Amino acid sequence: MKGIFTALMCAFDEQGNIHEKGLRQLVRHNIDVSKVDGLYVNGSTGENFLISTENKKRIFEIVKDEAGDQVKLIAQVGSLNIDEAVELAQFATDLGYDSLSAVTPFYYKFDFEEIKDYYNTIINSVDNTMIIYSIPALTGVNMSLEQFGELFENEKIIGVKFTAPDFYLLERLRHAYPEKLIYSGFDEMLLSAAVLNVDGAIGSTFNVNGARARSIFQLAQEGKIEEARELQKVTNDLISGILANGLYQTIKEMLKTQGVEAGVCRKPMKQLSADKVKVAQELAAKFLSK
Ligand SMILES: CC(=O)N[C@H](C=O)[C@@H](O)[C@H](O)[C@H](O)CO
Ligand SMILES: CC(=O)C(=O)O
């Protein structure tokens, strides 16, 4: 379960329905072209919080059907509706997903006891493992070293997807829980996290930049920091361009230049203007090989 995991996008058509052919192409592109180690399905990047339970299940099915056992698969099942989270956890487990993940419950200001109960409720309902998805900038949930430790007491909770710029906490976690899996979540900080010996990374930009991300991670593990830094610089020139133009929309437009029918983002996300589509195409021409 170590290495580079793409936070998989989902292709949607103009009506907001799943574009199955495009989703299958996305899976193939990540496996065959970017050669990533795994896919993180129905995360933020998959627009998970914008879609129905039925669509979430359909995406889990299509991705498993297309990927088979070629790469590791993590199913993000977190939801404010805990019954939905449990239902999805069972569904993905039955399909053969290698692990589950759940975002910390957000919007209401849940206290730690409630967060702990949420994780234990989901994971104790299925025969699978769980990776905590911590992304404080979007959820408002900041957990301490001790609180991560309390969650990790459940042996089925095997790791965390750490999407935060707090390298002090990351180092403390790495040191305190050497046996747990820690995945870096901010692609623009991949090298810095790799230097702290994380086990892998899960990111949205790997949909287009997976090969470079793999190299950064591998070079860092080999101690070739100078080379890794050069690649992180190129990567961050790309990511700066993507973030300035609209994160998920721009990645989808870039994928289209690679022959992947990535579709559009679902409302309330907006569609790119013609000018921005052009910017995305220019980024692809500059940073992606044909
Ligand atoms: C909210 C979101 O998409 N986060 C991703 C992973 O956690 C990242 O891969 C970022 O998209 C990426 O690092 C760009 O900031
Ligand atoms: C990692 C990320 O972007 C996701 O949750 O999909």
Side-chain angles (χ1 to χ4, degrees), residues 1 3-12 23 26-27 30 34 36-51 56 59-60 63 72-79 85 88 92 97 99-106 130-141 159-167 170 181-194 198-210 212-214 216-217 231-232 234-252 254-255 262 265-266 269 280 283 287:
M1 290 295 291
I4 298 295
F5 282 67
T6 299
L8 191 69
M9 312 213 94
C10 182
F12 296 104
L23 176 55
L26 270 157
V27 172
N30 276 292
S34 305
V36 296
D37 301 295
L39 301 173
Y40 185 89
V41 186
N42 279 338
S44 315
T45 307
E47 298 166 63
N48 172 72
F49 304 105
L50 311 181
I51 63 178
K56 292 176 192 181
I59 291 167
F60 283 140
V63 173
K72 295 289 181 192
L73 297 176
I74 301 172
Q76 198 294 123
V77 301
S79 170
L88 291 171
Y97 274 70
S99 184
L100 307 172
S101 181
V103 70
T104 54
F106 51 94
M130 166 66 66
I131 295 160
I132 298 161
Y133 179 9
S134 177
I135 181 162
L138 293 186
T139 59
V141 179
V160 57
K161 165 166 141 50
F162 187 91
T163 308
D166 186 343
F167 288 96
L170 181 59
L181 293 165
I182 303 180
Y183 299 93
S184 164
F186 273 130
D187 314 347
E188 51 277 49
M189 303 173 200
L190 173 59
L191 173 56
S192 315
V198 294
D199 300 287
I202 300 171
S204 64
T205 62
F206 305 163
N207 282 282
V208 284
N209 196 47
R212 244 183 231 113
R214 261 194 305 117
I216 292 170
F217 192 62
L231 277 185
Q232 185 73 65
V234 177
T235 288
N236 287 3
D237 289 345
L238 167 59
I239 293 179
S240 302
I242 291 175
L243 290 175
N245 201 53
L247 176 60
Y248 303 131
Q249 292 93 336
T250 301
I251 297 175
K252 286 186 177 183
M254 290 179 73
L255 280 161
C265 290
R266 267 182 66 91
M269 289 193 195
L283 284 170
F287 290 97

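First listed ligand is number 1; within each ligand, the first listed atom is number 1. Since the structure is predicted, the reported quantities are computational estimates derived from the model, not experimental observations.
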Yes or no: does Y248 have any heavy atom under 4.0 Å from an atom of ligand 1? yes
Whether K161 lies under 4.0 Å from ligand 1, heavy atom: yes
Report the part of D187 in contact with ligand 1, treating N, CA, C, O as backbone and CB onward as side chain, heavy atoms under 4.0 Å; options are side chain, backbone, both, neither. both
Select one of side chain, backbone, both or neither to describe which atoms of L138 lie under 4.0 Å from any atom of ligand 1, heavy atoms only. side chain
Flag G185 as yes when one of its N or O atoms lies below 3.5 Å from any N or O atom of ligand 1, and as no otherwise. yes
Taking N or O atoms only and a 3.5 Å limit, does S44 qualify as a polar contact for ligand 1? no
Taking only heavy atoms of [X], which atoms of ligand 1 are found under 4.0 Å from at least one of them?
| X | result |
| --- | --- |
| G203 | 9 (O) |
| I135 | 1 (C) |
| T45 | 3 (O) |
| S204 | 8 (C), 9 (O), 10 (C), 11 (O), 12 (C) |
| T163 | 7 (O) |

Please check if the side chain of [X] supplies one atom and the backbone of [Y] the other of a donor-acceptor pair under 3.5 Å.
| X | Y | result |
| --- | --- | --- |
| D37 | I4 | yes |
| N236 | E188 | yes |
| S101 | I131 | yes |
| R266 | L50 | yes |

Between [X] and [Y], which heavy-atom pair has the shortest distance, and what is it?
| X | Y | value |
| --- | --- | --- |
| I59 | C10 | CD1-SG, 3.6 Å |
| T250 | L283 | CG2-CD1, 4.0 Å |
| V208 | L255 | CG1-CG, 3.8 Å |

Please tell me whether Y133 and S44 have a donor and an acceptor in their side chains that are separated by less than 3.5 angstrom. yes
Only one of N30, T6, T45 clears side chain to side chain donor-acceptor pair (under 3.5 Å) with N207; which? N30
Protein contact of atom 15 (O) of ligand 1 - nearest heavy atom, named by residue and atom, plus distance: E188 OE2, 2.7 Å
Could you check if a side-chain atom of L88 sits within less than 4.5 angstrom of a side-chain atom of S79, using non-hydrogen atoms only? no
May I ask you to test the I51-F12 pair for a side-chain heavy-atom distance under 4.5 Å? yes
Sole residue of F217, Y183, F206 in ring pair (Phe, Tyr, Trp, His ring centres under 6.0 Å) with F5: Y183
Contact set, ligand 2, heavy-atom distance under 4.0 Å, ordered by chain/number, equals A7, Y40, G43, S44, T45, Y133, K161, I202
